[in-house]
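This report concerns only the one structure given below.
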Amino acid sequence: MALDKNGIAQRIAQELKDGYYVNLGIGIPTLVANYIPKDIAVEFQSENGVLGMGPFPFEGEEDADIINAGKQTITTLKGASFFDSATSFAMIRGKHVDLTILGAMEVSQTGDIANWKIPGKMVKGMGGAMDLVASAENIIVAMMHTNRSGVSKLLKKCSLPLTGVGCVKKIITELAVMDIGPTGFILRETAPGVSIDEIIKATAGDLHIAEDVHVMSF
Amino acid sequence: MINKTVSTVSEALEGVQNGMTLMLGGFGLCGIPEKAIAELVRLQVTDLTCISNNAGVDTFGLGLLLQQKQVKKMIASYVGENAEFERQMLSGEMEVELIPQGTLAERARAAQAGFPAFYTPAGYGTEVAEGKEVREFNGKMHVLEQAFDADFAFIKAWKGDEAGNLIFKGTARNFNPNMCGAAKITVVEVEELVSAGSLDPNQIHVPGIFVQRIFEGKDYEKRIEQRTVRSKT
């Protein structure tokens, strides 16, 4: 059976390593914070200027001056720090943030990503996404394999305006874990109960099956 | 001590004219110069170019200037959550330039620090890079981005002293320190204005040299855009 959004987040959390500074995008990536392995220490960076982000505040304890990049009220954990926006993007552009997890509308088999604009519709803007994808060494895309109409979001070439070129390394969806290889997507893991055929059908780009492809373990 | 204090918000905004380029600190509604925005509305200055990460919401922040059709052009990184903004953008009444958030911060910092331009990897290969000079460094492509050129910067800080030294609180810091000294005149509003010598020089976030005018604002609304909480049970 395909994973739900929490399942995707739970699988992504397995990619976190001890000592990582991590930037989480809005949506599924935010849920990753709920599944941090107990035996490792990670810190979450929010590009509006906080490192060491904690959970939402208790009711009545929210502070208008402490928010995340989604403009939600948050708290900070021990060891947290605040900083200005230029410093925040120095952390990102300077590759001090170890891992970026973000959502996407489309990903191409060469690692291009589109997630900020649908021409002809309201354009909200790229926020920090272009800086994040252009800079991070390690980018994981968390998204559903197909859009609401059932059309694949894993393409040979993106059709929407790009956010970044050749930057995505790994994609984790409700069906599969895939890497970007030299000639297309590489299927590494399947969600429990999901067949390789199902994943091939849902993937519009070229998909190679890794020799050691296996079922995700939780 | 060079005293930067002005006593009223109208004195602080003296010289603001139609057609000027203004920078405004804040991320969403967090750390925005509420008092300066209210005064801009009162002054009814028009044809403004506003540089700010966001455009407020319909009834607060920069949204108040949009309601009065005072903004000719908006330079921002993210402009969701604002219906009037959307209407003016789609009808072509207002010009909008969307730029990456880190580039926005750095274009302000570059203006503050005297760099005319800088290379960044952000936006390479996207429509943001169209018409801009690109160059390869260490095997990676970069886009040349220019420093902002603004008439006024409107800043919100938590505490400040008569000398214009500033301390920010929480994530209300955001773009504010980067925009100080990045325009011809930097106007700062603070929640608490103290006498020179009251703040520990070791704890100053922005030195007063980057500030021309400082005043204390009263009764900050500090509206929360997304109130998210968890229950104690």
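Basis for what follows: all heavy atoms, side chains included, without hydrogens, waters or symmetry-related copies. The chains referred to below are lettered A, B, ... by the order of the sequence lines, with proteins before strands, and numbering in each begins at 1.
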Using a 6.0 Å cut-off, check whether atom [atom1] of [X] has over 12 heavy atoms from anything other than its own residue.
X	atom1	answer
A:K95	NZ	yes
B:E93	CD	yes
A:D4	CG	yes

Derivation of the side chain to side chain contact (heavy atoms under 4.5 Å, CB included) call for B:E192 and B:W158: CA-CA 7 Å; B:E192 194 184 344; B:W158 180 39; 5.6 Å; no
Given that the side chain runs from C-beta out, which part of [X] has a heavy atom under 4.5 Å from chain A: side chain, backbone, both or neither?
X	answer
B:V96	neither
B:N176	neither
B:R230	both
B:L29	neither

Picking from [options], which has the most non-hydrogen pairs under 4.5 angstrom with chain B?
options	result
A:A129, A:S88, A:A69	A:A69
A:P55, A:G49, A:G164, A:P161	A:P55
A:G127, A:G125, A:A64	A:G127
A:T87, A:V50, A:I67, A:V165	A:I67

With a distance cut-off below 6.0 Å to the six-membered ring centre and an angular limit of 45° from the axis, does B:K35 pair with B:Y220 as a cation-pi contact? yes
Query raised in the report: Taking the six-membered ring of B:F60 as reference, does the NZ or CZ atom of B:R223 fall below 6.0 Å from its centre and within a 45° cone about the axis?
Result: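 Yes, a cation-pi geometry holds between B:R223 and B:F60.
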Interface moiety of [X] toward chain B, non-hydrogen atoms closer than 4.5 Å:
X	result
A:F89	side chain
A:A90	neither
A:S46	neither
A:D112	neither
A:E47	both

Review point. Which heavy atom in A:A41 sits nearest to a heavy atom in A:D18, and how many Å separate them?
Key: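 Shortest heavy-atom contact: N-OD1, 2.7 Å.
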_A:P29 versus A:G103, closest heavy-atom pair with distance_ =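 Heavy atoms of A:P29 and A:G103 come nearest at CG-N, 3.9 Å.
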Report task. Assess the side chains of B:D161 and B:S198: does a donor N or O sit below 3.5 Å from an acceptor N or O? Result -> no
Top contributor to chain A contacts, counting heavy-atom pairs under 4.5 Å, from [options]:
options	result
B:G28, B:S77, B:G31	B:S77
B:S231, B:C30, B:A76, B:G170	B:G170
B:N174, B:I224, B:N53	B:N174
B:Q101, B:K169, B:R227	B:Q101

### Message
For B:E84, is there any backbone N or O sitting under 3.5 Å from a side-chain donor or acceptor partner on B:E86?
### Response
no
When B:E136, B:K140, B:E133 are each screened for side chain to side chain donor-acceptor pair (under 3.5 Å) with B:Y119, the one that passes is B:E133
